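Reviewing the structure listed below.
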Amino acid sequence: MQNITKLILILGILTLNSCYLFDSESDKIIGKYEVQWVDIPNKRAICERYSTTVSSVLIPEYVFAVGHNSEFIIAKQHPTNGFEKGYQIDTSKTNYYIIDIREKSDVLGPLNLLDFNKKISELNITKIDFDQVYPDDI
């Protein structure tokens, strides 16, 4: 049983650090934040980059629109059906997210459009355009 645990741990570490082994792409948002996917574009997510080989997912796949200012990142996401079902994108549902990047990466979401607009108002976020847009019909 210990060998299985070690194998899973090793595979997990390799998966997290193996961007160079698979087709991948990333687009910088601001600072240490980027939109990235590994293996297939349907896995496009927002990540916080810690080093050249390590990052952490803040908003899971499939992110299709992103905007930001110096304090916040906003994003639109269509959920997928996950690994077992090939990351098929559900374009009938849109989730909204806000990442507060002023001190640490606080993620608010998933939110529906009404709650998103309320949070934008509560946080006094000035107009941010979704200026990084990706196809939502992959």
Side-chain angles (χ1 to χ4, degrees):
M1 190 58 131
Q2 249 182 347
N3 288 337
I4 291 173
T5 304
K6 286 180 184 178
L7 179 62
I8 291 172
L9 180 61
I10 290 169
L11 289 175
I13 290 169
L14 287 174
T15 300
L16 292 173
N17 292 308
S18 63
C19 295
Y20 60 90
L21 295 177
F22 300 99
D23 190 15
S24 66
E25 183 179 296
S26 66
D27 296 318
K28 187 174 186 101
I29 301 170
I30 184 173
K32 60 186 176 180
Y33 303 94
E34 56 188 36
V35 178
Q36 65 178 236
W37 60 266
V38 176
D39 198 24
I40 57 173
N42 293 29
K43 293 169 60 179
R44 187 171 277 119
I46 293 182
C47 299
E48 182 175 4
R49 171 82 47 199
Y50 298 112
S51 71
T52 57
T53 58
V54 178
S55 63
S56 175
V57 173
L58 298 176
I59 301 175
E61 72 279 334
Y62 174 75
V63 172
F64 70 95
V66 179
H68 75 280
N69 62 21
S70 62
E71 298 179 325
F72 297 95
I73 296 170
I74 59 173
K76 293 182 188 180
Q77 176 238 42
H78 292 310
T80 71
N81 61 3
F83 173 76
E84 290 79 19
K85 296 186 179 175
Y87 294 101
Q88 294 300 312
I89 300 167
D90 181 0
T91 58
S92 69
K93 182 173 183 178
T94 300
N95 294 317
Y96 296 82
Y97 290 83
I98 301 169
I99 305 173
D100 185 341
I101 59 172
R102 291 176 288 190
E103 291 184 31
K104 56 183 179 175
S105 306
D106 288 332
V107 179
L108 303 171
L111 304 167
N112 62 37
L113 182 57
L114 181 63
D115 291 337
F116 174 75
N117 287 330
K118 284 181 187 175
K119 276 293 181 194
I120 291 285
S121 180
E122 286 173 19
L123 294 168
N124 199 26
I125 298 174
T126 57
K127 182 161 174 51
I128 300 175
D129 293 325
F130 288 101
D131 57 1
Q132 286 178 253
V133 181
Y134 303 92
D136 65 352
D137 60 350
I138 301 180

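Treat the numbers as computed from the prediction; the structure is a model and nothing was measured.
Distance check: E71 CD to N124 CG gives 9.0 Å after rounding to the nearest 0.5 Å. Interatomic distance, Q132 CD to H68 NE2, rounded to the nearest 0.5 Å: 7.0 Å. Rounding to the nearest 0.5 Å places CG of L111 at 10.0 Å from CG of N117. Separating the CZ atom in R44 from the CD atom in Q36 is a distance of 11.0 Å, to the nearest 0.5 Å. Put simply, CD on E34 and CD on E25 are 11.0 Å apart, with the number rounded to the nearest 0.5 Å.
With a 6.0 Å radius and a threshold of 12 heavy atoms from other residues, nucleotides or ligands, Y50 has its OH atom above the threshold.
Using cut-offs of 30° and 60° for the angle between ring planes, the Y87 and F83 rings count as perpendicular.
The two residues I128 and G67 come nearest to each other via the heavy atoms CG2-C, 3.5 Å. Of all heavy-atom pairs between D115 and N112, the closest is N-OD1, 2.7 Å. Closest non-hydrogen pair, A75 versus I59, comes out as CB-CD1, 3.9 Å. Between K93 and H78 the shortest heavy-atom distance is O-ND1, 2.7 Å. For the pair S105 and E48, the tightest heavy-atom approach, listed with the atom from each and the gap, is OG-OE1, 2.9 Å. In this structure, P135 and F64 approach most closely via the heavy-atom pair O-CB, 4.4 Å.
Clustering ILVMFWY residues whenever any of their side-chain heavy atoms sit less than 4.5 angstrom apart, transitively, puts I29 in a cluster other than the one holding F116. Linking Ile, Leu, Val, Met, Phe, Trp and Tyr residues whenever their side-chain heavy atoms come within less than 4.5 Å places L108 and Y96 in a single cluster. Hydrophobic clustering (ILVMFWY, side-chain heavy atoms < 4.5 Å, transitive): Y134 and I73 are in one cluster. Taking hydrophobic clusters as Ile, Leu, Val, Met, Phe, Trp and Tyr residues chained together by side-chain heavy-atom distances below 4.5 Å, L58 does not share a cluster with I98. One hydrophobic cluster, built from ILVMFWY side chains closer than 4.5 Å, holds both I101 and I46.
Ion pairing between a basic and an acidic side chain is recognised when a charged N comes within 4.0 Å of a carboxylate O; E61 and K43 show no such pairing.
Between F72 and I120 the shortest side-chain heavy-atom distance does not fall below 4.5 Å. Between Y62 and P79, the closest side-chain pair of non-hydrogen atoms is not below 4.5 Å.
Under the 3.5 Å distance criterion, the side-chain polar atoms of D106 are left unmatched by any main-chain donor or acceptor of D100.
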